[in-house]
There are 2 protein chains.
Amino acid sequence: MSETNGIVNLYEQNDRFYVAVDCIIFGFHQGTLKLLLIKRKFDPCMGEWSLMGGFLNKDESIDAAAERVLQDLTGLENVYMEQIGIFGELDRDPGERVLSAAYYALINIDDYDKELAESHNAVWVPITEIPDLIFDHNKMVRIAQKQLKRKAAVEPIGFNLLPELFTLPQLQSLYEAIFGDTLDKRNFRKKLLAMDVFEKTEEKDKSNSKRGAYYYRFDYDKYTELVQSGLRFAL
Amino acid sequence: MSETNGIVNLYEQNDRFYVAVDCIIFGFHQGTLKLLLIKRKFDPCMGEWSLMGGFLNKDESIDAAAERVLQDLTGLENVYMEQIGIFGELDRDPGERVLSAAYYALINIDDYDKELAESHNAVWVPITEIPDLIFDHNKMVRIAQKQLKRKAAVEPIGFNLLPELFTLPQLQSLYEAIFGDTLDKRNFRKKLLAMDVFEKTEEKDKSNSKRGAYYYRFDYDKYTELVQSGLRFAL
DNA sequence: ACAAAAGTGTTATACTTACACCCATGT
DNA sequence: ACATGGGTGTAAGTATAACACTTTTGT
């Protein structure tokens, strides 16, 4: 036990721990919600599937570490991320005692550094087909999915999974994937448009139909107004 | 860097951190929601207000540490607790870099070890009158309160704040305190009783009126049936 | 002309909200 | 007898859920 200025250092008598962060990275493509998983090229557990993770460094906050880890894999910055908690069972990492703070991230699946991801052996896997992952990563995924489900119903975070311009059929299929449920087309559109937080453009997406679907844009200013008027985004 | 069996130890090159847990302890008394806070008798920040906390030890999970810290203050075991996350800003504890996992606990305010709590300088403070707390503890409290609000509306956790037997006026005033809002007596009772998860007893609580209010008991078995039938607790 | 997805309104039902009086009992 | 909190039902309004046809356009 050390002393400084005559007082016992109250910290040094305690244990210190390795702390990691793990990222549950959601993307959306062709009607299915996916996770960016790693086929590990390194130990421990080489060859197995896992979330992208990394150790916390002395000079960074936990949030910053999560952002760094995400950026290391995808090249992306300023991504929507939420902490889902810290996992600290004694034997969660059989190699050593490591605590892990889990975060989920929502990214636009066609806007990230593909070479970089590939260099880490990263693969998009449909949320319905997640394999066995190392440690407690499956548990993290379950919790992240549950939180996404809950939060997406009540805050406009789904848009982070789409390009800036999106169509209403696209949006509906996104929410169907998140909620794991089908939605009525007319009711869905009515409800969303009634909130008046979208800007309709003149452009159409003709990749899915001859007729084409109008592109919309989420309008953050209108959303702010909505919230200030005491209302909420809700599906 | 050390080697074992010829492989480099992948962990040792990383930093290690002090990890604390802090408990936001909710109680309910006479129509107001309260927190059990500590007037610190020790450094750092002697004399200031804080949450009850403690350091994580090598041989315990984070959840177990939270339970231990709660027990150290209240003598209670098997208490309803939820982790709200880990806080890891660089300077959150000005003395040293310490990460802290925050948990909230719901306890029955007239069932804990009062001498023990007193020996730690613990005091019940109405949630509406929380003073400035050390570090980021006010932030933890805000988040805990928000989560309690959200979760109490949708899961039957409020009962943890009441004795086994409670009256409907009591229950209503509890939910009013949690939601920070008044509720209509008739609608409240209708909704709750419609879920059919209460057992009405023959006993009455006459401490608040001449007539007396019937004691009820939350019935976990009936609640399980409710959930299995696909319905949910909801207020 | 036809196939395929986009777009559009109405009605029935369930849920939510508002609201006022009688009851039981101790003093 | 009266003061105090406990207990009860109904009606109006609002939100949700169910449902089917027309439009556009590329082939």
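All values below were derived from every heavy atom in this structure, side-chain atoms included, with hydrogens, water molecules and symmetry-related copies excluded. Everything numeric in this text was worked out from a predicted model, so none of it was measured. Each chain gets a letter, A, B and so on, in the order the sequences are listed, and its residues count up from 1.
- As rounded to whole Å, 20 Å separates atom P of dG7(D) from atom NZ of K191(B).
- Between L231(B) atom CG and dC15(C) atom P the separation is 10 Å, expressed in whole Å.
- Between the side chain of R186(A) and the base of dA20(D) there is at least one donor-acceptor pair of N/O atoms closer than 3.5 Å.
- Between dT25(C), dT8(C), dG9(D), one nucleotide has an atom nearer to the side chain of R189(A) than all others, and that is dT8(C).
- Across all strands shown, N187(B) has heavy atoms under 4.0 Å from base atoms, whether or not it also approaches the sugar-phosphate.
- Note that the CG atom of D219(B) and the CZ atom of F159(B) stand 11.0 Å from one another [nearest 0.5 Å].
- Comparing atom distances between the K185(B) side chain and each of dA6(C), dA18(C), dG6(D) picks out dG6(D) as nearest.
- No donor-acceptor contact under 3.5 Å links the side chain of K210(A) to the base of dT23(D).
- Applying the 3.5 Å distance criterion, the base of dA24(C) shares no donor-acceptor pair with the side chain of R211(B).
- In this structure, D205(A) places its CG atom 14 Å from P of dT25(D), rounding to the nearest Å.
- Residue-level contact check: D184(A) touches the bases, meaning some heavy atom is under 4.0 Å from a base atom.
- As rounded to whole Å, 19 Å separates atom P of dA15(D) from atom CZ of F188(A).
- The residue among K206(A) and Y214(B) whose nearest nucleotide of DNA chain D lies closer to the 5′ end is Y214(B).
- Between L192(B) atom CG and dG7(D) atom C1' the separation is 15 Å, expressed in whole Å.
- Under the 4.0 Å criterion applied to side-chain N and carboxylate O atoms, R40(B) and E48(B) are not assigned as salt-bridge partners.
- The aromatic rings of Y104(A) and F26(A) sit perpendicular, their planes meeting at an angle over 60°, well past the 30° parallel limit.
- When the P atom of dG7(D) is taken as reference, atom CG of L193(B) falls 10 Å away, rounded to whole Å.
- Taking atom CD on E203(A) and atom P on dA6(C), their separation rounds to 17 Å, with Å as the unit.
- In K114(B), the NZ atom is crowded: over 12 heavy atoms of neighbouring residues, nucleotides or ligands sit closer than 6.0 Å.
- Atoms CD (Q172(A)) and P (dA6(C)) sit 9 Å apart, rounded to a whole Å.
- Nearer to the 5' terminus of DNA chain C, by closest-nucleotide assignment, is the contact made by A213(A) (compared with the other of A213(A) and K190(A)).
- Checked against a 6.0 Å centroid threshold, the rings of Y215(B) and F166(B) do not count as neighbours.
- Both K200(A) and N208(A) sit near DNA chain C, but only N208(A) has its closest nucleotide nearer the 5' end.
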